Amino acid sequence: MQELANFTSSLKLEPMKGLPESWQQIQAEWIENTVRVVGQSTSTRENLHYLVREFVHTTAQILEGGPLDLLDPILARWASSLTQTDLESSASDLMRFMGVLVTSALEALITHLEPATALVTYKALLPCFNYAYERLAQHEIEAKITYISNHLSEVQQRLERLDKSKSDFIAIAAHELKTPLTLVEGYTAMLREGLSQPNTDSGELTPMLDGIENGARRLRSIIEDMIDVSLIDNQLLSLNFQPVWLNHLFAILEREFQPAIAERHQTLKIHDFPGSHAVLMGDPERLLQAFRNLLNNAIKFTPDGGKIEVNGRELPGFIEVTITDTGIGIDPDDQAIIFEKFSRLGNVALHSSGKTKFKGGGPGLGLPIAKGIIEAHGGTIWVESEGYDEVHCPGSTFHILIPQQHPSLEGRVADIFASLTPTPTPSE
Ligand code: ADP
């Protein structure tokens, strides 16, 4: 330190009077050096060139007597360009940038000026650098605080929504369980009464037994859905991987939904799409369950006489299935929410236990289960709809992307089965 002090005093530094003569060259080199070190791609370089030039030109104005706050708009612009990644990172890109700017200035001054003049000019520039460091640190802290508080309020909103959806879920689950339970109780009472009557024909009791059986089946399916959701939630859903052909799955579902489709006067068209005959590795039971939930919803949220279509295409390594309906559609704001567990749209009190009845409700678990199953296969699911409109029925399209080969499985297994030609059974 003492050596440096001796050196600087021996230079007999004169205070700076205006800009040094070679300022034009210094300025050009300062800009070029900074851009070379910071900018990697050509597009970033052009933008950077502009940013650095602006700063360098303003420092010249300051050296000629201008106030330091001339830098303010420039520094504010730099700070506003901070991205989410910058705000999440503990390192500061702006400080690093300033570091490069300062070093490049020093290099340019040393190249073009006598050591003494270089030092004087650098000293004159120091207030600009200090001011820039201070202001940038302030901007960055403010931006980080705003980012964190926005993030926190988002988390809070999510927690509130989760809390609300949990209590909604309890209300819906209680309602959903109560309906079939009431049915079972009612038919049991009728059966008891029937049995207590002398000369009761056993044929008269059959509808009551059917009613009890239906109620029990409905109860079982709701309880199974609840168990599935909790398995998915805890990542405990175990899949029994084996070769699957989508055309087989849809042939089963087509038969299964035939009575509901007929009752609702709807049309179900299952296309013989590319990829529907291809073999993919998956759990057939679980995939059937996911597609069943989606078709069930398509029927449920489409008015009588509407059309449901299953189509798809083969993509590299994936098969995409689309299920399109001409139903009431889904509001864009709700399109992500419907896949969350415990959430469903509409009023709890309006929910009924009609499986395929128009707008008949359920516990709101069908889509979270479908999503959980598809994601457990390494796939993804999303919905497209212009919006919710019960009058004009814009319809919805659910997209399901499933990898042909689950990453955790050996490719050879699929290869062996790929050579087997399945019997095509799609409807035309
Ligand atoms: P549930 O049908 O038991 O209510 P889901 O999880 O299957 O639960 O669906 C959640 C919600 O998403 C439904 O209540 C409905 O509002 C909306 N929805 C799902 N599928 C469709 C569809 N094809 N068309 C319109 N709305 C749909």
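Just so you know, ligand 1 is whichever comes first in the structure, and atom 1 is the first atom listed for that ligand. What you see is a predicted model, and the numbers here were worked out from it, not measured in a lab.
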Visitor: Give the intermediate values and the outcome of salt bridge (charged side-chain N to carboxylate O under 4.0 Å, His left out) for residues D325 and K307.
Guide: CA-CA 6 Å; D325 62 52; K307 189 171 180 188; over 6 Å; no

Visitor: Tell me which part of Y388 gets within contact of ligand 1: side chain, backbone, both or neither, using heavy atoms under 4.0 Å.
Guide: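 It is neither part, as no heavy atom is under 4.0 Å.
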
Visitor: Please work out, at 4.0 Å between heavy atoms, whether the side chain, the backbone, both, or neither of L365 comes within that distance of ligand 1.
Guide: backbone

Visitor: Relative to the ring of Y147, is the ring of H151 parallel (under 30°), tilted (30 to 60°) or perpendicular (over 60°)?
Guide: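 Rings of H151 and Y147: parallel, under 30°.
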
Visitor: Using heavy-atom distances only, which candidate in I323, D225, I338 approaches atom 11 (C) of ligand 1 most closely?
Guide: I338

Visitor: Considering only heavy atoms of L367, which atoms of ligand 1 have at least one such atom less than 4.0 Å away?
Guide: 5 (P), 6 (O), 7 (O), 9 (O), 12 (O), 19 (C)

Visitor: Does an N or O from G366, backbone or side chain, lie closer than 3.5 Å to an N or O of ligand 1?
Guide: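 There is such a contact, yes.
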
Visitor: For E309 and K269: C-alpha separation, side-chain torsions, deciding distance, then whether salt bridge (charged side-chain N to carboxylate O under 4.0 Å, His left out) applies.
Guide: CA-CA 5 Å; E309 271 184 271; K269 170 97 182 134; over 6 Å; no

Visitor: Against heavy atoms of I330, which atoms of ligand 1 measure under 4.0 Å?
Guide: 21 (C), 25 (C), 26 (N), 27 (C)

Visitor: Suppose we screen for ring-ring contact (aromatic ring centres under 6.0 Å, His included). Which residues come up paired with Y131, at least two apart in sequence or across chains?
Guide: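 None.
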
Visitor: For L75 versus R135, what's the shortest heavy-atom pair and its separation?
Guide: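 Smallest interatomic distance, heavy atoms only, reads CD1-CB, 3.7 Å.
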
Visitor: Any atom of ligand 1 sitting under 4.0 Å from a heavy atom of F398?
Guide: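 Right, F398 reaches ligand 1.
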
Visitor: With a 4.0 Å cut-off on heavy atoms, is G329 in contact with ligand 1?
Guide: yes

Visitor: I'd like a table of donor-acceptor pairs (distance under 3.5 Å, sequence neighbours excluded) in which one partner is a side-chain atom from residues 182-189, with atom names and distances.
Guide:
unit_1, atom_1, unit_2, atom_2, d
T182, OG1, K178, O, 2.6
T188, OG1, V184, O, 2.4

Visitor: Please identify which atoms of ligand 1 are closer than 4.0 Å to at least one heavy atom of P368.
Guide: 6 (O)

Visitor: Below 6.0 angstrom between ring centroids: does that apply to W382 and F398?
Guide: no

